[in-house]
Amino acid sequence: MLDPNLIREMPDVVKDGITKKGTDPSIVDDFLEVDRKRRDLIKKIDEMRHKRRTLSEEIGSIIARGGDAEGIKESVRETGTQINELESELRNIESVYQDLLLRIPNLPYSAVPYGKDESENVVIRQEGEKKEFPFTPRSHWEIGEALDIIDFKRGVKISGARFYVLKGLGAKLERALISWMIELHIQKHGYTEIFPPFLINRASMTGTGQLPKFEEDMYHIEVDDLFLNPTAEVPVTNLYRDEILSEEELPIKYVAYTACFRREAGAAGKDTRGIIRVHQFNKVEMVRFVKAEDSYKELDELIDNAEDVLRELGLSYQIKMMCTGDLGFAAAVKYDPEVYMPYQDKYVEISSCSNFEDFQARRANIRYRTKDGKIRFVHTLNGSGLAVGRTMAAILENYQTEDGSVIIPEVLQKYMGIDKISRK
RNA sequence: GGAGGGAUGGCUGAGCGGUUGAAAGCGCCUGACUCGAAAUCAGGUAGAAGGGCAACCUUCUCGUGGGUUCAAAUCCCACUCCCUCCGCCA
């Protein structure tokens with residue numbers, strides 16, 4: 001969430017920022033109104049509590065001296081009743097106040113280009129040549145089925161639309177990618193591995209910004225009020241919810257593999273074929289907790305860590321910068337590395353690297369103590385490194401040969417024990 | 001699932017109805033001593049909210065939410081989590 005003081009002191013800046021994200025700025029006025037009421041009420045209650053406390057102490061000393069305190073007791077009792085009434089009023093106002101704060105999106109970083117929606121995102125650079133084939137390249141789903149390593153029909157039978165089954169060398173390739181990516185981030189980029197729970201409570205989902213606004217995007221287990229992990233960002237960032245770290249521990253860099261579950265509620269009819277958009281996928285995620293003054297330097301590193309995965313796999317890609325309208329709720333800035341997919345002759349999102357500044361840290365109450373004892377919010381960042389299913393799709397398409405087999409990228413060969421997946 | 005025990009500041013741990021936001025120890029910070037460090041000594045050291053230009057003042061918080069009382073860390077109720085034993089179990 002935003003700093004309430006910022007909204008109070010510079011409401012126009014906040015309105016401008018959230019308008020660029022496509023949010024109705026009237027929420028700021030709603031907030032200011034409730035904020036005023038809240039503060040007036042707190043002041044009133046504090047004064048009355050002070051009165052009650054003073055009188056109460058007086059009663060103590062009267063009784064200690066053996067005097068009669070019945071009269072004064074009665075008046076304190078009355079004050080107490082009044083306080084109770086005001087307190088219940090405050091509770092109502094407080095919950096509206098909190099809810100509004102949780103629904104105001106983060107402001108875009110100054111360098112983010114203005115744009116209404118994804119059509120106005122900006123490609124900032126391209127790396128590597130698009131792969132050229134002396135034959136017409138096949139789609140990853142055609143290749144996967146022909147090699148008998150992806151089974152779409154039976155995935156649907158077991159679970160439903162947008163589920164698939166990996167088999168044999170397909171399953172092994174998925175596993176190899178996960179291990180290799182994690183190892184790369186640990187050994188080469190200095191991350192520490194985390195393996196978090198996949199079922200997540202409401203407080204954690206609120207901490208990173210999935211709730212309260214996006215409940216319908218998540219799988220929810222009603223009996224226990226738990227959510228299926230939508231991205232490792234959630235459990236890993238919430239590792240330090242309600243904690244105060246020390247400055248010396250920062251930056252903290254974690255890498256986590258998780259399965260990710262998404263209902264894809266608004267995506268009917270989009271990417272219906274293949275393994276690009278599914279309800280369950282594997283992802284290796286990088287998360288950083290950093291000092292405010294370092295967060296943009298840290299973001300550059302994070303993006304480079306994601307790119308390194310693509311470079312090592314020999315895949316060509318581009319980096320796209322999200323415009324204000326496509327930033328999402330919690331991010332201040334977001335870059336999406338996109339991998340080249342030969343069948344569609346298109347770049348497809350394979351990672352997403354964001355700086356949330358202190359937006360998540362305020363929600364999740366993640367702070368650190370500076371060397372001179374001040375307490376400040378950390379900045380949180382995260383990025384995929386990479387989405388595993390999409391990486392597999394990219395490998396199948398980019399490394400296909402005319403006879404229908406697929407070359408295994410060199411870095412994965414020792415994990416696979418082979419250099420090629422061939423038709424039987 | 002059954003029975004019992006517990007939850008206090010960065011940590012350990014006292015307090016069990018009246019200046020107790022909280023003893024003591026550890027840790028950390030500052031100062032003294034020292035060429036420097038260690039040891040020692042002195043002092044400081046929770047978070048949040050509201051008010052004030054500020055110094056500072058006020059309020060809230062001893063797992064969470066209610067209740068009793070003039071007054072609750074302390075008494076009562078519910079919930080959550082942790083520990084021990086029993087049962088079940090991948």
Side-chain angles (χ1 to χ4, degrees), chain A residues 1-9 31-102 195-207 211 221-227 235 238-250 252 259 289 291 358 360-378:
Chain A
M1 62 194 180
L2 298 179
D3 181 355
N5 279 316
L6 177 73
I7 312 176
R8 263 171 223 145
E9 284 157 24
F31 172 83
L32 290 173
E33 193 188 323
V34 173
D35 181 56
R36 190 68 258 166
K37 282 189 199 161
R38 174 177 172 273
R39 287 196 287 165
D40 290 345
L41 202 51
I42 286 173
K43 202 175 162 188
K44 208 152 135 195
I45 290 174
D46 278 3
E47 284 164 3
M48 290 178 73
R49 280 173 175 160
H50 179 58
K51 184 178 153 199
R52 175 174 64 179
R53 186 181 169 138
T54 316
L55 289 174
S56 226
E57 279 165 13
E58 212 175 295
I59 291 172
S61 68
I62 291 173
I63 290 174
R65 277 188 267 110
D68 173 38
E70 285 314 310
I72 187 167
K73 272 192 190 180
E74 180 54 35
S75 97
V76 175
R77 196 177 299 139
E78 264 171 44
T79 309
T81 312
Q82 286 170 27
I83 292 173
N84 279 339
E85 282 167 17
L86 291 177
E87 278 175 342
S88 92
E89 197 182 323
L90 180 62
R91 269 195 297 276
N92 293 334
I93 287 177
E94 195 78 38
S95 83
V96 177
Y97 173 88
Q98 283 302 330
D99 186 64
L100 286 171
L101 267 184
L102 291 176
F195 194 100
F198 291 0
L199 288 174
I200 296 171
N201 63 27
R202 207 166 263 284
S204 299
M205 294 297 267
T206 306
L211 292 181
I221 291 139
E222 214 161 321
V223 276
D224 297 303
D225 197 25
L226 291 169
F227 296 84
N238 277 281
L239 238 25
Y240 293 121
R241 176 156 47 81
D242 292 321
E243 292 192 33
I244 300 176
L245 305 164
S246 70
E247 183 169 357
E248 298 83 71
E249 332 179 42
L250 301 177
I252 293 171
F289 302 84
K291 291 190 271 183
D358 64 3
Q360 291 182 327
R362 283 180 187 279
R363 294 180 151 245
N365 196 26
I366 306 170
R367 296 170 294 174
Y368 72 99
R369 198 182 302 274
T370 62
K371 290 195 183 84
D372 54 340
K374 292 202 176 62
I375 294 199
R376 303 174 62 187
F377 287 104
V378 300

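Quick caveat, the model's predicted, so the values are computed rather than measured.
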Could you list the donor-acceptor pairs under 3.5 angstrom formed by side chains in residues 52-63 of chain A, with sequence neighbours left out?
from     : atom 1 : to       : atom 2 : distance (Å)
Thr54(A) : OG1    : His50(A) : O      : 2.6
Ser61(A) : OG     : Glu58(A) : O      : 2.9

Take atom [atom1] in [N] and the same atom in [M], then report the distance between them in whole Å.
| N | M | atom1 | result |
| --- | --- | --- | --- |
| A14(B) | G9(B) | C1' | 13 Å |
| C41(B) | C83(B) | P | 39 Å |
| G52(B) | C62(B) | C1' | 30 Å |
| C76(B) | G25(B) | C1' | 34 Å |
| G65(B) | C11(B) | C1' | 28 Å |
| G44(B) | A24(B) | P | 11 Å |
| U12(B) | G51(B) | C1' | 37 Å |
| U84(B) | A48(B) | P | 34 Å |

Pick the nucleotide of RNA chain B nearest each of Arg53(A) and Asn5(A); which residue has the one closer to the 5' end?
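With Arg53(A) and Asn5(A) compared, the 5'-side residue is Asn5(A).
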Rounded to whole Å, how long is the line connecting atom [atom1] of [X] with atom [atom2] of [N]?
| X | N | atom1 | atom2 | value |
| --- | --- | --- | --- | --- |
| Leu245(A) | C28(B) | CG | C1' | 16 Å |
| Glu247(A) | C29(B) | CD | C1' | 14 Å |
| Glu243(A) | G9(B) | CD | C1' | 15 Å |
| Leu226(A) | C81(B) | CG | C1' | 14 Å |
| Leu90(A) | A48(B) | CG | P | 19 Å |
| Arg91(A) | U61(B) | CZ | P | 12 Å |
| Ile45(A) | U61(B) | CD1 | P | 12 Å |
| Arg49(A) | A48(B) | CZ | C1' | 13 Å |

Just to verify, what does Asp225(A) make a salt bridge (Lys or Arg N to Asp or Glu O under 4.0 Å) with, not counting sequence neighbours?
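Asp225(A): salt bridge (Lys or Arg N to Asp or Glu O under 4.0 Å) contacts with Arg202(A).
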Can you list the residues that meet the salt bridge (Lys or Arg N to Asp or Glu O under 4.0 Å) rule with Asp242(A), with sequence neighbours excluded?
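None.
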Verify salt bridge (charged side-chain N to carboxylate O under 4.0 Å, His left out) between Asp40(A) and Lys44(A), making sure each step is shown before the conclusion.
CA-CA 6 Å; Asp40(A) 290 345; Lys44(A) 208 152 135 195; over 6 Å; no
[X]: what forms a side chain to side chain contact (heavy atoms under 4.5 Å, CB included) with it, not counting sequence neighbours?
| X | answer |
| --- | --- |
| Leu245(A) | Tyr240(A), Glu249(A), Leu250(A), Ile252(A), Ile366(A), Tyr368(A), Val378(A) |
| Ala203(A) | Asn201(A), Arg241(A) |
| Glu94(A) | Arg38(A), Leu90(A), Tyr97(A), Gln98(A) |
| Glu222(A) | His220(A) |

Before giving the answer on side chain to side chain contact (heavy atoms under 4.5 Å, CB included), spell out for Arg363(A) and Thr206(A) the whole-Å C-alpha distance, their side-chain angles and the decisive distance to 0.1 Å.
CA-CA 7 Å; Arg363(A) 294 180 151 245; Thr206(A) 306; 4.0 Å; yes
Could you run down the sub-3.5 Å N/O contacts of the protein with nucleotides 88-90 of chain B?
none

Measuring to OP1 and OP2 of U59(B), would you say a side-chain N or O of His50(A) lies under 4.0 angstrom away?
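Looking at the OP1 and OP2 atoms of U59(B), one of them is under 4.0 Å from a side-chain N or O of His50(A).
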So do Phe227(A) and Ser204(A) actually touch side chain to side chain, heavy atoms under 4.5 Å?
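When only atoms from C-beta onward are counted, Phe227(A) and Ser204(A) do not touch, as no gap falls below 4.5 Å.
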Euclidean distance, [Y] [atom2] relative to [X] [atom1], rounded to 0.5 Å:
| X | Y | atom1 | atom2 | result |
| --- | --- | --- | --- | --- |
| Leu100(A) | Asp35(A) | CG | CG | 10.0 Å |
| Asn365(A) | Asn238(A) | CG | CG | 11.0 Å |
| Arg369(A) | Arg376(A) | CZ | CZ | 14.0 Å |

Compile the donor-acceptor pairs under 3.5 Å between side chains in residues 77-88 of chain A and protein atoms, sequence neighbours left out, one pair per line.
from     : atom 1 : to       : atom 2 : distance (Å)
Arg77(A) : NH1    : Glu74(A) : OE1    : 2.7
Thr79(A) : OG1    : Ser75(A) : O      : 3.0
Thr81(A) : OG1    : Arg77(A) : O      : 3.0
Glu87(A) : OE2    : Arg49(A) : NE     : 3.3
Glu87(A) : OE2    : Arg49(A) : NH2    : 2.7
Ser88(A) : OG     : Glu85(A) : O      : 3.3

Dump the intermediate steps for side chain to side chain contact (heavy atoms under 4.5 Å, CB included) on Leu101(A) and Ile7(A), then the final yes or no.
CA-CA 10 Å; Leu101(A) 267 184; Ile7(A) 312 176; 3.8 Å; yes
Would you indicate what Ile375(A) reaches in the nucleic acid, counting non-hydrogen atoms under 4.0 angstrom: base, sugar-phosphate, or nothing?
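Result for Ile375(A) = sugar-phosphate.
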Enumerate, in order of first residue number, the stems that involve RNA chain B, defined as 3 or more consecutive Watson-Crick or G-U wobble pairs with both distances under 3.5 Å.
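In RNA chain B, stems of three or more pairs: B:1-7 with B:80-86, B:10-12 with B:24-26, B:27-32 with B:40-45, B:46-51 with B:56-61, B:63-67 with B:75-79.
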Would you mind building the protein contact string for nucleotides 67-76 of chain B? One character per nucleotide, 5' to 3', B for base within reach (heavy atoms under 4.0 Å), S for sugar-phosphate only, - for untouched.
---BS-----
Give each protein N/O atom lying under 3.5 Å from an N/O atom of nucleotides 51-55 of chain B, with the pair distance.
from   : atom 1 : to       : atom 2 : distance (Å)
G51(B) : OP1    : Arg39(A) : NH1    : 3.0

